Amino acid sequence: MPDRAPQPVDRQLPTDEARDLISLVRDIAQREIAPKAAEEEDAGHFPREVLTLLSESGLLGLPYDSEYGGGDQPYEVYLQVLEELAAARLTVGLGVSVHTLACHALANYGTKEQQAEHLPDMLGGGLLGAYCLSEPSSGSDAASLRTKAVRDGGTSRSGGTSRPEAGGEAESGGDWVITGTKAWITHGGVADFYTVLARTGGEGARGITAFLVPGDAEGLSAAAPEKKMGMKGSPTAQVHFDGVRIPDGRRIGDEGQGFAIALSALDSGRLGIAACAIGVAQAALDEAVAYATGRQQFGRPIADFQGLRFMLADMATQIEAGRALYLAAARLRDAGRPFAKQAAMAKLHCTDTAMKVTTDAVQVLGGYGYTADFPAERYMREAKVLQIVEGTNQIQRMVIARHLAGPESR
């Protein structure tokens, strides 16, 4: 029924290279992602082949150093790539965001030796990452995590590698043995490497350390994927660590620095979620406009009726505001300035916008919007999770309030 093709978003990009990059992403999205999105989501198919294509195209390491296979792109550009991917299929856009999050610790806190050994495969070698912070009993209260990493002295080889030639001798610090369970892990069971936060010291945030664990390490396993209301093509699962042994050379940063590393990663990751949310919202708006201009009632398109026109205008305004907010935060990050408050604001506003816009898109389509014949109902189901992941929107409000009024009184 829709007879009006959506117009591409008119983007403000800093360089000709960035414009060419967006053109490449749009071409891949239109040819390889969008046409199969509905069918594959309904079937629960994880598009590993698409993520492999993105890796081969240099799109899995955009904000990282080209010395290690990254794209040297500012976050301002990387996030707009995410938005384009998420508009085509959220499973893909969020998958790239999570992979980028999983690379953050090593790229920003690893030693030069660690980065040289692992980052090229992580950024452009076809590997896929996952980020392991949440646990069954610690979600929003991440500092209370219980997964433990205990030193076991001596020098030994890694218990597993992402590639046959990876791994190597441990440093003189001996090995670490990791035991515990992580929950709600995107790419759980299909990732080639896991960035894992585990307790190496006492209670609280200062007793946590970060590790890079290969996906085929002995003792690592994943539960069956969760049955979700949306994003059925993206596996979300518990990941179990049953005495997983890794060398000290896979510890990232100092002992006890893990929680600070995790918070740094989440500030950037929240911008990724914000961009994905705007991508879903934009796709829903495009669908609503196409339907409204093609659907005839009372002898004219329903887009002629003021009540509906105002809905479309509000949807578009909320999307533009969200896009401006996440880009403003990204530009602060690119300039090396504090951006945690703005990242929380962007995540909050953009994901709330995605929920509102996708709900309104279903309303514009009426009964058709409630059927799987049109993608509006899928967008609505997918938008909900974005208000939850990488810090619920209630947590974002707490973060923003702390920046405004200081910590809560105890």
Side-chain angles (χ1 to χ4, degrees), residues 55 60-73 75 78 98-133 145 147-178 191-201 205-217 220 241 244-269 333 336:
S55 179
L60 284 193
L62 287 176
Y64 295 119
D65 197 329
S66 60
E67 178 182 356
Y68 302 113
D72 278 334
Q73 290 298 316
Y75 245 65
Y78 157 68
V98 167
H99 175 81
T100 303
L101 179 69
C103 295
H104 181 277
L106 184 61
N108 289 277
Y109 296 89
T111 66
K112 288 294 185 181
E113 292 76 15
Q114 289 174 321
Q115 292 168 350
E117 180 179 1
H118 300 295
L119 274 181
D121 282 344
M122 291 164 63
L123 298 182
L127 300 188
L128 184 66
Y131 184 76
C132 295
L133 176 61
L145 64 84
T147 296
K148 289 186 177 181
V150 178
R151 274 193 185 275
D152 185 23
T155 301
S156 67
R157 292 188 178 273
S158 170
T161 61
S162 296
R163 291 181 178 267
E165 69 273 14
E169 292 294 327
E171 296 180 356
S172 59
D175 289 354
W176 292 90
V177 178
I178 303 175
D192 299 299
F193 65 91
Y194 296 82
T195 295
V196 180
L197 284 303
R199 187 164 301 285
T200 57
R206 296 184 180 181
I208 296 171
T209 301
F211 298 91
L212 181 67
V213 179
D216 64 349
L220 188 155
F241 299 84
V244 173
R245 180 180 293 271
I246 61 169
D248 188 60
R250 282 182 173 266
R251 170 177 50 83
I252 304 174
D254 297 330
E255 290 184 46
Q257 192 183 9
F259 196 68
I261 292 174
L263 292 183
S264 172
L266 287 175
D267 284 340
S268 297
R333 185 191 188 281

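Remember, it's a predicted structure, so these values are computed and weren't measured experimentally.
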Where do [X] and [Y] come nearest, in terms of heavy atoms and distance?
{"X": "A191", "Y": "A130", "answer": "CB-CB, 3.7 Å"}
{"X": "H118", "Y": "L106", "answer": "CB-CD2, 3.6 Å"}
{"X": "G125", "Y": "S55", "answer": "N-OG, 3.9 Å"}
{"X": "L127", "Y": "D192", "answer": "CA-OD2, 3.3 Å"}

Backbone of [Y] reached by a side-chain donor or acceptor of [X] within 3.5 Å:
{"X": "Q73", "Y": "P63", "value": "no"}
{"X": "T111", "Y": "Q114", "value": "yes"}
{"X": "H99", "Y": "L128", "value": "no"}
{"X": "R250", "Y": "L212", "value": "yes"}

Q: Only counting residues at least two apart or in another chain, list the ones meeting side chain to side chain contact (heavy atoms under 4.5 Å, CB included) with D254.
A: Q257
Q | Residues in side chain to side chain contact (heavy atoms under 4.5 Å, CB included) contact with T209, at least two apart in sequence or another chain | A | T200, F211, R251, E255
[X] versus [Y]: any side-chain heavy-atom pair under 4.5 Å?
{"X": "C103", "Y": "F193", "value": "yes"}
{"X": "I178", "Y": "I246", "value": "yes"}
{"X": "T147", "Y": "L197", "value": "no"}
{"X": "L123", "Y": "L60", "value": "no"}

Q: Start with the C-alpha gap between W176 and D152, add the side-chain angles, then the distance that decides, and say whether side-chain hydrogen bond (donor to acceptor under 3.5 Å, both in side chains) holds.
A: CA-CA 6 Å; W176 292 90; D152 185 23; over 6 Å; no
Q. Less than 4.0 Å between a side-chain N and a carboxylate O, is that true for R151 and D175?
A. no
Return all side-chain donor-acceptor pairs below 3.5 angstrom for residues 258-268, not counting sequence neighbours, or 'none' if the list is empty.
unit_1	atom_1	unit_2	atom_2	d
S264	OG	Y109	OH	3.4
S268	OG	R333	NE	2.9
S268	OG	R333	NH2	3.3

All ring-ring contact (aromatic ring centres under 6.0 Å, His included) counterparts of [X], not counting sequence neighbours:
{"X": "Y131", "answer": "none"}
{"X": "H104", "answer": "none"}
{"X": "Y75", "answer": "Y78"}

